[in-house]
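Report on one structure; see the data block that follows.
Quick note on labels: first sequence line is chain A, next is B, and so on, each numbered from 1.
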Amino acid sequence: MLPLQLLREQTDRIAQALSKRGLDAGPMLEEILRKDQERRSLQAQLDETLAEANRKSKEIGELFKAGKGAEAQALKAESAQLKEQSKTLGESLSRAADALQEALYQVPNAPHESVPAGQDEADNEVVAEGGKRPDLPEGAMPHWELAREYDLIDFELGVKITGAGFPVYKGKGARLQRALIQFFLDRNTEAGYTEVQVPHLVNADSGYGTGQLPDKEGQMYELKEDPLYLIPTAEVPVTNLFRDEILEASQLPVRYTAYSPCFRREAGSYGAHVRGLNRLHQFDKVEIVRVEHPERSYEALDGMVAHVKSLLEALGLPYRILRLCGGDLGFTSALTFDFEVWSAAQERWLEVSSVSNFEAFQANRLKLRFRDGNEKPQLAHTLNGSALALPRVLAGILENFQEADGIRIPEVLVPYAGFDRIQLG
RNA sequence: AGAGAGGUGGCCGAGUGGUUUAAGGCGCACGCCUGGAAAGCGUGUUUCCGCGAGAGCGGAUCGAGGGUUCGAAUCCCUUCCUCUCUGCCA
C-alpha cells in the first residue's frame, strides 16, 4: 500500500510511474484523494463533537460533586444528544475510512524510475549474463527423465499421497536438495544474514502485511478449521517479524535469511512448461530479507543482486539477470531483478530468484518504522530475494551437468552432499 | 483439552465509575548546577489521526472488538495472548 502522504504530495509522479505498468492511474488516484478528503472532513466533525461531549461530561461530574443534581440532569440531556450525533458521524467516518483503505489496496507499487515500461516478460531487460552453457552429450535428457533414470525424484508417488505438484525426493535427490539448502544458508550467513526459522503457517494479518491479502487469497492454501494460510514464501513470516515495530535507526539494516518450504496453489497452470520441477505446489526455498533505511535501500538491492549472482557462479550454472518491466513487475514491488538459469535440455530459461525492493509499500501495511534520534518515526524500506529457490536450481544442475554416464555435482556442493557424482548402480 | 490467575506507557509498577490531565520509580533527552563529571534540582518523554505556516489545539489509544453510562483502565459480552496446575504428547 502506497503511503497516502506520497499520493497526496506526488500524485502526478505516481501516476506517471504507474503508467509503466500499463495502468491509467489518474482517475484512480483522484478518487482516492477525494475519499481522503471526505474522511478528513468527517474526522474533523467527529473530533469537534466528541470534544464538546467531553467538556459536558466533565461539567456534569463537577456539578454532581457540588451537589447540584438538577443542573446536572439538564446537561445530561444535551450530552445524550451529542452522543447520538457522534455515533452517526463515527459510522460515516469508519465507512469513509474503509472505502479509502479499500481503494488504496487496489493500487500497486509505483515502479522505480529505472523500470522499463512494458507489457510482459518479453519486455524485460537483460542486464547481465554469466556462466557457460554446456555442450550436452548425445541423448541428453530433461531433468524429469534424469530424475527417473537415476531414481532421484518420484512424481507419481507424490500424486498418490497428495496430488500433482508434490514430488517425493529420494536418495541422492533428497540428499542433494538438503545440500543445497545448507550451502545457501551458509553462504547467506557469511554474507551477514542472520538465520531464522519461522512458522510455515501465518494468520491473515501477516498476509495483509506483505501483500498476499486481500485479493490474492486464491494463491495460498488456507486451512479449513483455523484462519491460517500455508506460506507461499518465507518472505511472509520473516518480513512480518517486524510488523508493528518501531526500530532504532542504529538497528538498520536488518538482514535475515530463512529456509522454508513454500506452498502455492498455482491455479490454472498446466502444459509442458510446468512439467517436472518447473512449477510445483510445494517447493523449498532459501530467502533473504532486509529492512533498510530509505536512503540506502537501492544500494542494498544492488548488494543482494551481487550476492545471488555469486551463488549461481559458485554453482557454475549459466544464468542471466533481468530487470523486470512494468507489466511483469509484481504488485508490491518497485524494482525487481529476476535470475534465470539456462535449462540446457529444455532449451529455456528457468526463474530461480527474484530480488525486489518494495520501498515503503510493505512497510506501510506492516507499520514497520524506524526512528532516528528524536525524530518522528518514519516508514522503513523492505527488500527480499530468493537465495535461492531449490527445484529449478536442482533441474539446472541435473540438466547442465549431465554426462554420458552420470551427473557431475558442483564442487562447492560436494562437502555438503557427500558424493561428487550421481550414476547408475 | 479442563480449572484458575493475569494482560496498564521504552521498562517496572499503582490504579473497583468523575481533579487519572494514567500515581510512583527506572531509563532516555534537554537545561541548571560544576573547572569537568557524578550526585542533586528542573523540564520533557506512547503511538495514530484531524486542524494549523508554526507554537500549539483537538480526538482516539490501558491486548483486540463490541456493549452499558452524561462519563469506562475500572462494569458486562466476545475474542486473542501469557502464566500456574491437571490432562495429552514429539
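Comparing B:rG13 with B:rG25, their C1' atoms sit 8 Å apart, to the nearest whole Å. Comparing the C1' positions of B:rA73 and B:rA64 gives a spacing of 15 Å, expressed to the nearest Å. Across B:rA23 and B:rU8, the matching C1' atoms stand 12 Å from one another, rounded to whole Å. Across the C1' atoms, B:rG24 and B:rC33 are found 26 Å apart, a figure rounded to whole Å. When the P atom is used for both B:rG71 and B:rG18, the distance is 14 Å, rounded to whole Å. Atom name P, nucleotides B:rA39 and B:rC26: the rounded distance is 11 Å, in whole Å. Nucleotides B:rU46 and B:rA22 place their P atoms 11 Å apart, quoted to the nearest Å.
A centroid separation of less than 6.0 Å is found between the aromatic rings of A:Tyr256 and A:Phe242.
When side chains are defined from C-beta on, A:Phe370 does not count as touching A:Gln251, because their heavy atoms never get closer than 4.5 Å.
As rounded to whole Å, 15 Å separates atom P of B:rU45 from atom NZ of A:Lys376. If you measure from atom CD1 of A:Ile60 to atom P of B:rG18, you get 15 Å, rounded to the nearest angstrom. Note: CG (A:Leu100) to P (B:rC49) measures 12 Å, nearest angstrom. With rounding to whole Å, A:Glu38 atom CD is found 19 Å from B:rC49 atom P. As rounded to whole Å, 11 Å separates atom P of B:rU68 from atom CD of A:Glu84. In this structure, the NZ atom of A:Lys58 is 19 Å from the P atom of B:rC70, given to the nearest Å. Rounded to an integer number of Å, the gap from CD of A:Gln5 to C1' of B:rC48 is 13 Å.
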| query | What string of B, S and - do you get for nucleotides 50-67 of chain B, 5' to 3', when a contact is any protein heavy atom under 4.0 Å? | reply | SS------BSS-------
| field | Verdict with supporting geometry, A:Asp186 and A:Tyr416, side chain to side chain donor-acceptor pair (under 3.5 Å) | value | CA-CA 11 Å; A:Asp186 281 356; A:Tyr416 291 99; 2.6 Å; yes
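Neither OP1 nor OP2 of B:rG10 sits under 4.0 Å from any side-chain N or O of A:Arg371.
Here A:Phe263 pairs with nothing under the ring pair (Phe, Tyr, Trp, His ring centres under 6.0 Å) rule; sequence neighbours left out.
Under the Watson-Crick and G-U wobble criteria, each requiring two contacts below 3.5 Å, nucleotide B:rU69 is left unpaired. The partner of B:rA5 is B:rU82, by the rule that a Watson-Crick or G-U pair needs both atom distances under 3.5 Å.
Across all strands, A:Ser57 comes closer than 4.0 Å to base atoms (heavy-atom distances). Nucleic acid contact for A:Lys367: none, since no nucleic acid atom lies under 4.0 Å from a heavy atom of the residue.
A donor-acceptor pair shorter than 3.5 Å cannot be found between the side chains of A:Glu287 and A:Asn188.
Using a 4.0 Å cut-off between a side-chain N of Lys or Arg and a carboxylate O of Asp or Glu, A:Arg8 and A:Asp36 qualify as a salt bridge. By the 4.0 Å N-to-carboxylate-O rule, A:Arg296 lies too far from A:Glu299 to be salt-bridged with it.
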